[in-house]
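Note that the structure is predicted; figures quoted are calculated from it, not measured. Naming: A, B, ... by sequence-line order, numbering from 1 per chain. Any value given below was found using the heavy atoms of this structure, including those in side chains, with hydrogens, waters and symmetry copies removed.
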Amino acid sequence: MLDIRLIRRDPDAVRAALARRGESDVGVLDQVLALDVRRREILPRLEGLRAEQNAANQAIAAAKKAGEGAEEAIARMRAVAGEAKALGEELAQVDAQLTPALSQLPNLPDPTAAPEDTVLKEVGEPWVPDYEVRDHLTLAGERIDMERGARLSGSRFAYLRGDLVRLELSLVSWTLDLLAEQGFEPVIPPVLVREEALFGTGMLPDTEQQIYRLADDDLYLAGTSEVALASLHAGEILEGDTLPLRYAGFSPCFRREAGAAGKDTRGIFRVHQFDKVEMFSFVDPSESAAEHERLLAIEESILQALGIPYRVVNIAVDDLGASAAKKYDCEAWLPSQQRYRELTSTSNTTDYQARRLDIRHRPTGGMKPEILHTLNGTAVAVGRTLIAILENGQQEDGSVALPAVLGAYGAPAVLPPA
RNA sequence: GGAGGGGUGGCAGAGCGGUUGAAUGCACCGGUCUUGAAAACCGGAGACGGCGCAAGUCGUUCGCGGGUUCGAAUCCCGCCCCCUCCGCCA
């Protein structure tokens, strides 16, 4: 949600910023401005009537207490009440249009968000084996069981089996330890969430077609624990010295992948359900840019420790989700595809989600509460990370050398050939 | 799922149609007292929005949304949440 006061104060700047996203939200912006003007006409008049009512109420109460009649005043107030009711309805009508219009506007992009996808750096060698390259499915064999997954649940579902389960669990434990050292509290959140939570993170109405909804309950399957983590402090005022608050959510994630028909159909690169460790930060507004770099650095340190070649991309403004002001993706090198594919992503959502979820903090010194900033970043998207580990660790005989850091967490040193 | 009870300021807890934004206690902030602290005493203090340079002022706010009324924390309806008992269950 954008700050209506900012829109009011400097509509041209907001218009210019939105234009960078390439969408035609201009009509919506004009609508918001017009509705805001109407609202601000109605409100003072309504408040005037309310003030009159309040004053009269005291007089009537006093008169009754003194044992006097107050018929005249009551009759007069009956008319005022009618007028106030009509104005109130008019106001409600305006709000019923203003709120949806305002909430459909995306966040303003950060000035440093790139006009086009921009590769910031490459780390590690984008290599291709000098023997015949195998992709993750060939390397995993039945340990990634797509056939039976499809029989059970349809396409884009898989059973993860055997050693790969141990690998996942070790990967998750290792990641949570690494994040704990960085001040992230581990969280296992609910994955079924109410509409408000999805609205609050900007997933609704933005990405509705991506989200599973339950038929008999008003609940949705969250596509990321970001949803639950953002809502962790919804409606709260956090005292100044409690920030920053950092959480590491671990949960399954559910995506309908509607509109992705025929895309990435082989293996588990794009599936309806996967596990993910997600970082989420609540910070002072002045700190969010630095926190964003921090999240990116953590993502990079994880990829480096796992020995995955990757590059960092500053994502184009017109490709940002509704809530993001700026986004970095880390793309891992996949030898079987001979290209970089998205593995993690971190966004600075500034005050956009916090305003929708009403999350504030009181700066130290006891001043007025203000909207804080939130950020999110993938620590480990398990499925895709397994792909990158398998493909980059592959050896000529079809076995896979696993990252040494995971050994202490229960992962074998080598995955035998399928 | 069935039967009850309940959601009031940071916390506890009164109020159950009228000068109640809300008693009282605790916590908090300032002051007096004290060498300093504690205690005691005095005072202050919620959040959001409008107007205003400011002081201030008006409106909203007693889980959320509607309704009744000149007037709702108080009455009515819907929703959400919490607690107790029964049933079911990993």
Side-chain angles (χ1 to χ4, degrees), chain A residues 1-9 32-33 35-100 102-103 188-200 204 213-220 227-228 231-243 245 251-252 285 351 354-372:
Chain A
M1 190 94 76
L2 298 183
D3 185 352
I4 184 70
R5 277 173 290 188
L6 174 64
I7 296 177
R8 200 145 65 204
R9 197 180 335 119
V32 165
L33 283 164
L35 288 165
D36 182 51
V37 168
R38 276 194 65 199
R39 188 184 140 81
R40 284 152 53 77
E41 281 164 7
I42 297 168
L43 199 58
R45 284 201 285 147
L46 181 58
E47 291 190 348
L49 291 177
R50 295 251 167 89
E52 200 180 327
Q53 286 182 296
N54 288 341
N57 290 343
Q58 294 199 357
I60 291 170
K64 292 237 171 177
K65 199 165 190 183
E68 299 164 16
E71 297 314 318
E72 259 179 78
I74 289 177
R76 196 151 26 82
M77 282 305 106
R78 222 188 297 273
V80 173
E83 212 179 318
K85 190 173 178 183
L87 260 189
E89 276 161 15
E90 208 178 320
L91 182 67
Q93 252 180 21
V94 171
D95 281 341
Q97 293 174 273
L98 179 57
T99 307
L102 187 58
S103 58
I188 294 181
V191 293
L192 288 173
V193 300
R194 289 222 183 88
E195 184 177 347
E196 296 92 276
L198 289 162
F199 173 84
L204 286 178
R213 185 172 51 209
L214 296 202
D216 295 329
D217 300 273
D218 290 329
L219 291 170
Y220 297 78
V227 175
S231 287
L232 192 52
H233 292 297
E236 297 183 17
I237 298 174
L238 304 168
E239 292 304 325
D241 54 0
T242 58
L243 295 184
L245 283 172
S251 79
D351 59 354
R355 181 166 289 109
R356 288 172 159 241
L357 290 165
D358 189 26
I359 311 172
R360 291 168 290 174
H361 80 296
R362 196 190 307 277
T364 359
M367 324 223 301
K368 280 176 78 77
E370 64 173 352
I371 302 287
L372 49 70

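When the P atom is compared between B:G43 and B:U24, the two are found 12 Å apart, to the nearest whole Å. Separating the C1' atom of B:U20 from that of B:A72 is a span of 12 Å, rounded to the nearest Å. Rounded to the nearest Å, the gap between the P atom of B:C28 and that of B:G21 is 29 Å. B:A22 and B:A47 are spaced 15 Å apart, taking the P atom of each and rounding to whole Å. Nucleotides B:C26 and B:U60 have their C1' atoms positioned 29 Å apart, rounded to a whole Å. Separating the P atom of B:G36 from that of B:G31 is a span of 13 Å, rounded to the nearest Å. Taking the C1' atoms as reference points, B:C80 lies 10 Å from B:G65, given to the whole Å. Taking the C1' atom of each, B:A12 and B:G71 are spaced 31 Å apart, rounded to whole Å.
When heavy atoms are screened at a 4.0 angstrom cut-off, A:Arg194 is found touching the sugar-phosphate backbone but no base atom. Residue contacts for A:Arg355: at a heavy-atom cut-off of 4.0 Å it reaches no nucleic acid atom on any strand shown. Counting non-hydrogen atoms under 4.0 angstrom, A:Ala56 reaches nothing in the nucleic acid.
Positionally, the nearest nucleotide of RNA chain B for A:Arg50 lies more toward the 5' end than for the other of A:Ile60 and A:Arg50. Heavy-atom nearest nucleotides on RNA chain B were determined for A:Arg78 and for A:Gly48, and the one closer to the 5' end corresponds to A:Gly48.
Under the Watson-Crick or G-U wobble criterion, with both distances below 3.5 Å, B:C85 is paired with B:G2. Nucleotide B:G46 has no partner under the Watson-Crick or G-U criteria, as no pair reaches both atom distances under 3.5 Å. Nucleotide B:C41 has B:G31 as its partner under the Watson-Crick or G-U criteria, with both atom distances under 3.5 Å. B:A90: no Watson-Crick or G-U partner with both key distances under 3.5 Å is found in any strand. Of the nucleotides present, none pairs with B:A72 by Watson-Crick or G-U wobble criteria with both distances under 3.5 Å.
When atom types are taken as modelled, the side chain of A:Ser103 and the backbone of A:Pro100 share a donor-acceptor pair closer than 3.5 angstrom. With hydrogens and angles ignored, the 3.5 Å screen pairs no side-chain donor or acceptor of A:Arg355 with any backbone N or O of A:Ile371.
For the pair A:Arg45 and B:G59, the criterion of a side-chain N or O lying under 4.0 Å from OP1 or OP2 is not met. For the OP1/OP2 pair of B:U68 and a distance below 4.0 Å, the side-chain nitrogens and oxygens of A:Lys85 include at least one atom meeting the criterion. Put simply, A:Asn54 has a side-chain N or O that comes within less than 4.0 Å of OP1 or OP2 on B:G59.
With a 4.5 Å cut-off on side-chain heavy atoms, A:Leu372 and A:Glu236 do not count as touching.
Distance CZ/A:Arg8 to CG/A:Leu33: 9.5 Å, rounded to 0.5 Å.
Considering A:Leu198, A:Leu192, A:Leu214 as possible partners of A:Tyr220, the one that fulfils the side-chain contact (heavy atoms from CB on, under 4.5 Å) test is A:Leu198.
Contact detail for A:Ser251 and A:Val191: the closest heavy-atom pair is CB-CG1, 3.8 Å.
Closest to the side chain of A:Arg40, out of B:G71, B:U19, B:G50, is B:G50.
Glycosidic conformation, B:U61: syn, with the torsion inside 90° of 0.
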